[in-house]
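Encoded as structure tokens, the structure appears first; notes follow it.
On a predicted model such as this, the values are computed, not experimentally measured, just so you know. Heavy-atom basis, side chains included; hydrogens, waters and symmetry copies ignored. Here is how names work: the chains are called A, B, and so on, in the same order as the sequence lines, proteins then strands, and each is numbered from 1.
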Amino acid sequence: MNRFKKIREIVKKIPLGKVCPYSEIARFLGYKDNRIIGWAIYNNQDPLVPCHRVIKKDGSLAEKYSLGGWREQKKRLVKEGVGFLDQNHVNLRRHFWRPGKILSSS
DNA sequence: AAAGTGACGCATT
DNA sequence: TAATGCGCCACTT
């Protein structure tokens, strides 16, 4: 049931300085609809959920970042050391992370 | 209770 | 190459 909750749990596990695409989270949890990831953190006020580390698969940021738009999101990421190739494209080569890493790291 | 809405991503046209 | 359609779930009204 609480897929949203599950999703947020995953998002919480994204390490500092890393980013994770919506689709990876969805796939990890067995969901076919990537949109639910965004919905799960839409208007999310929980500071424990680093929703700014969740991005689109091509590295671009969601335009409707709830806490101030993608520019704010970018600011947060840069602050964590995440590099950008373009104005709204994360350097996935360096900062890509996927939920599966939880398994290999523990 | 039913319908609308909402941070995506891929296949097809 | 760009635009459109589908997938499919929880929350709000």
Side-chain angles (χ1 to χ4, degrees):
Chain A
M1 27 150 67
N2 287 353
R3 278 156 246 257
F4 280 23
K5 191 173 173 186
K6 252 177 166 182
I7 290 167
R8 287 194 279 266
E9 286 303 311
I10 297 296
V11 174
K12 281 184 192 170
K13 296 181 193 301
I14 303 178
L16 186 80
K18 294 286 181 180
V19 295
C20 181
Y22 301 97
S23 55
E24 283 295 330
I25 299 174
R27 211 177 54 179
F28 179 74
L29 294 175
Y31 309 148
K32 296 167 189 169
D33 188 356
N34 301 314
R35 293 181 296 178
I36 68 172
I37 310 301
W39 305 339
I41 56 182
Y42 170 73
N43 239 0
N44 172 36
Q45 319 124 328
D46 192 343
L48 300 190
V49 178
C51 43
H52 55 283
R53 302 198 188 127
V54 183
I55 61 174
K56 299 194 201 180
K57 197 164 196 185
D58 64 352
S60 63
L61 308 176
E63 298 156 24
K64 293 189 182 173
Y65 181 64
S66 305
L67 308 179
W70 65 267
R71 292 182 298 183
E72 175 64 24
Q73 184 176 6
K74 177 186 174 185
K75 221 192 276 179
R76 282 169 172 248
L77 290 171
V78 170
K79 209 167 170 186
E80 294 183 355
V82 175
F84 277 71
L85 305 175
D86 288 332
Q87 195 166 38
N88 61 184
H89 282 76
V90 171
N91 187 342
L92 289 176
R93 192 183 55 176
R94 280 173 42 195
H95 307 290
F96 184 87
W97 180 88
R98 76 167 71 190
K101 290 223 171 188
I102 297 171
L103 305 177
S104 51
S105 67
S106 63

| field | Spacing of A:Arg8 atom CZ relative to C:dA10 atom P, expressed in whole Å | value | 12 Å
| A:Lys5 has an atom NZ; how far is it from atom P of C:dC11, in whole Å? | 11 Å
| query | Would you say A:Lys57 reaches B:dC10's phosphate, i.e. side-chain N/O to OP1/OP2 under 4.0 Å? | reply | yes
| Nearest heavy-atom neighbours spanning A:Pro50 and A:Val11 | CG-O, 3.3 Å
| request: May I ask you to decide whether A:Lys18 forms a salt bridge with A:Glu80, counting only side-chain N to carboxylate O separations under 4.0 Å? | output: no
| note | What one should report as the nearest heavy-atom pair of A:Gln73 and A:Ile55 is NE2-CG2, 4.2 Å
| query | Below 4.0 angstrom, N of the basic side chain to O of the carboxylate: do A:Asp33 and A:Arg35 qualify? | reply | yes
| In whole angstrom, what separates A:Tyr31's OH from C:dC8's P? | 13 Å
| field | Gap in Å between the two C1' atoms, one belonging to B:dC10 and one to C:dA10, rounded | value | 23 Å
| field | B:dG9 and C:dC11, which share atom name C1', separated by this distance in whole Å | value | 23 Å
Restricting both atoms to N or O, compile the protein contacts to nucleotides 5-7 of chain B shorter than 3.5 Å, with distance only.
| unit_1 | atom_1 | unit_2 | atom_2 | d |
| --- | --- | --- | --- | --- |
| B:dG6 | N3 | A:Trp39 | NE1 | 3.3 |
| B:dA7 | OP2 | A:Lys64 | NZ | 2.7 |
| B:dA7 | N9 | A:Tyr22 | OH | 3.4 |
| B:dA7 | N7 | A:Gly38 | O | 3.3 |
| B:dA7 | N6 | A:Ile41 | O | 3.4 |

| request: Mind calculating the distance between CG (A:Leu61) and C1' (B:dC8) to the nearest angstrom? | output: 14 Å
| message | Using whole Å, what does the distance between atom P of nucleotide B:dC8 and atom CZ of A:Arg3 come to? | response | 19 Å
| note | Rounded to whole Å, the CH2-C1' distance (A:Trp70 to B:dC8) equals 18 Å
| Aromatic A:Tyr42 / basic A:Lys64 pairing, under 6.0 angstrom, 45° off normal | no
| note | When rounded to whole Å, the CG to P distance for the pair A:Asn34 and B:dA11 reads 12 Å
| Spacing of A:Leu92 atom CG and A:Phe84 atom CZ [to the nearest 0.5 Å] | 10.0 Å
| task | Round to a whole Å and report the spacing from CG of A:Leu29 to C1' of C:dA10. | result | 14 Å
| query | With a 4.0 Å cut-off, would you call A:Glu9 and A:Lys6 a salt bridge? | reply | no
